[in-house]
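Note sheet for the following structure.
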Amino acid sequence: MDDPGSAVERQEEQQTQVPEEIKDKWEREQMTLKKQMILTDSGDITKLMSCCNEKTSDNFLIGGVDISFVKGDNVNACAALIVLNFPQLEVVYEDCQMIKLTAPYIPGFLAFREAYLLEEMYSKLKKTQPQYVPQAIMVDGNGILHPRGFGLACHLGVLLDTPCIGVAKNLFQVDGIENDDDHQLKIKQLSKGGDTFQLVGTSCKVLGKALRSCDSAPNPIYISTGHKITLDSAVELVYRCCKHRVPEPTRQADIKSREYLRVHFGSEHEEQKNKGKKKQRTKTTKHSKTDCNPVDNVEELFQDTYCLFEGNDT
DNA sequence: GCGACAG
DNA sequence: ATCTTGTCGC
């Protein structure tokens, strides 16, 4: 009953199971935080937008966050927080951190898997390099384009009290917005970079916009407000950050986090249900970017500091 | 019962 | 999210 090798298998199987009471709790938390959500431009955003038109290149900064996963492992991952200057789009700060995801991915509850980790990285930035705290952050995922109007970008925005923009690569079908033939037709009608169409919910509210982010990518990305920014400003800002389909802040975060995993784990993913509990990387002790935290002993990094089912009474 | 399901 | 080679284009 207690064979050591099944631990990994077990964690995969239980991945999809989350008690209803936990979801209820999460929903209530979303509703509570949602009251603090602001859908208008912050002062910084207003200035940021005017900076584009005029040539006053003040030192505006845009952040991007993303998490990359170890292949075949639903727990161990690398989170990246990147800051770029604007409109030059040069990386001025990067932080990669090995993390341990405690909650499974449940559509509609992505924030409970990722948000608090990103919050910690933001706190680190604020504490150690305050001069690089960005005026806005782009998030992989949705803002108000969400079953309860409070996606990861909203959640993180409220937690950080900072403008956040939701940038999703796939449409989250919500509130009557469907990826049907009509939707596909509208996509075909996006002829060039910068073209958009609205994503209108049941109550005629515009929840987001599909944006063809560059000429070379026919598939749009889906933008929605996270916090302290209007949809139009969000779309504008995202578009101005697009060299490729995915805007640079998010794209750089993706690149850096994957690179970090590659450097520290290489091609040897040992998690294939081996009985060997000890992995040995007796090679490549390369010290890469000083921005990233070197990882020598993975085990010691993964101390349990967070429990999903803490308030488990009844 | 069936489909949908951000990352 | 991840699995994956070549290929077309600037």
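Numbers restart at 1 for each chain; the letters A, B, ... are given by sequence-line order, proteins then strands.
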What is the distance from CG of A:Leu261 to P of C:dA1, rounded to the nearest Å? 13 Å
From A:Ile187, A:Asp195, A:Thr196, residue fulfilling side-chain contact (heavy atoms from CB on, under 4.5 Å) relative to A:Pro220: A:Ile187
Taken to the nearest whole Å, CG/A:Asp73 to C1'/C:dC3 is 15 Å
Of the listed nucleotides (B:dG7, B:dC5, C:dC3), which one gets closest to any side-chain atom of A:Ala168? B:dG7
Have a look at A:Leu152 and say if it touches a base, only the backbone sugar-phosphate, or nothing, with a 4.0 Å heavy-atom cut-off. base
Would you say the side-chain atoms of A:Arg148 pair up with the backbone N or O of A:Met31, donor to acceptor, closer than 3.5 Å? no
In whole angstroms, how far is the P atom of B:dC5 from the CZ atom of A:Phe112? 21 Å
With side chain to side chain contact (heavy atoms under 4.5 Å, CB included) as the test, would you mind laying out the steps for A:Leu118 and A:Leu81 before giving the verdict? CA-CA 8 Å; A:Leu118 301 176; A:Leu81 169 59; over 6 Å; no
N-O pairing of A:Glu29 and A:Lys25 below 4.0 Å: no
Without decimals, in angstroms, what is the distance between A:Glu178 CD and B:dC5 C1'? 14 Å
Identify which nucleotide among B:dA6, B:dG7, C:dT2 has an atom closest to any side-chain atom of A:Phe172, counting heavy atoms from C-beta outward. B:dA6
Between C:dT2, B:dG7, B:dA6, which one does the side chain of A:Asn142 approach most closely? B:dA6
Calculate the interatomic distance between A:Asn76 atom CG and C:dA1 atom P; express it in whole Å. 18 Å
What's A:Gly166 touching, base or sugar-phosphate or nothing? Going by heavy atoms closer than 4.0 Å. nothing
May A:Tyr105 be described as stacking on the base of B:dG7, applying a 5.5 Å centroid limit and a 30° limit on plane angle? yes
Side-chain N,O (A:Arg258) to OP1/OP2 (C:dT2) below 4.0 Å: yes
Of all the choices, C:dT2, B:dC5, B:dA6, which nucleotide is nearest to the side chain of A:Gln173 once you look at every atom? B:dC5
Just checking A:Asn170: base, sugar-phosphate only, or nothing, at a heavy-atom cut-off of under 4.0 Å? sugar-phosphate
Rounding to an integer number of Å, can you tell me how far A:Leu110 CG sits from B:dA4 C1'? 16 Å
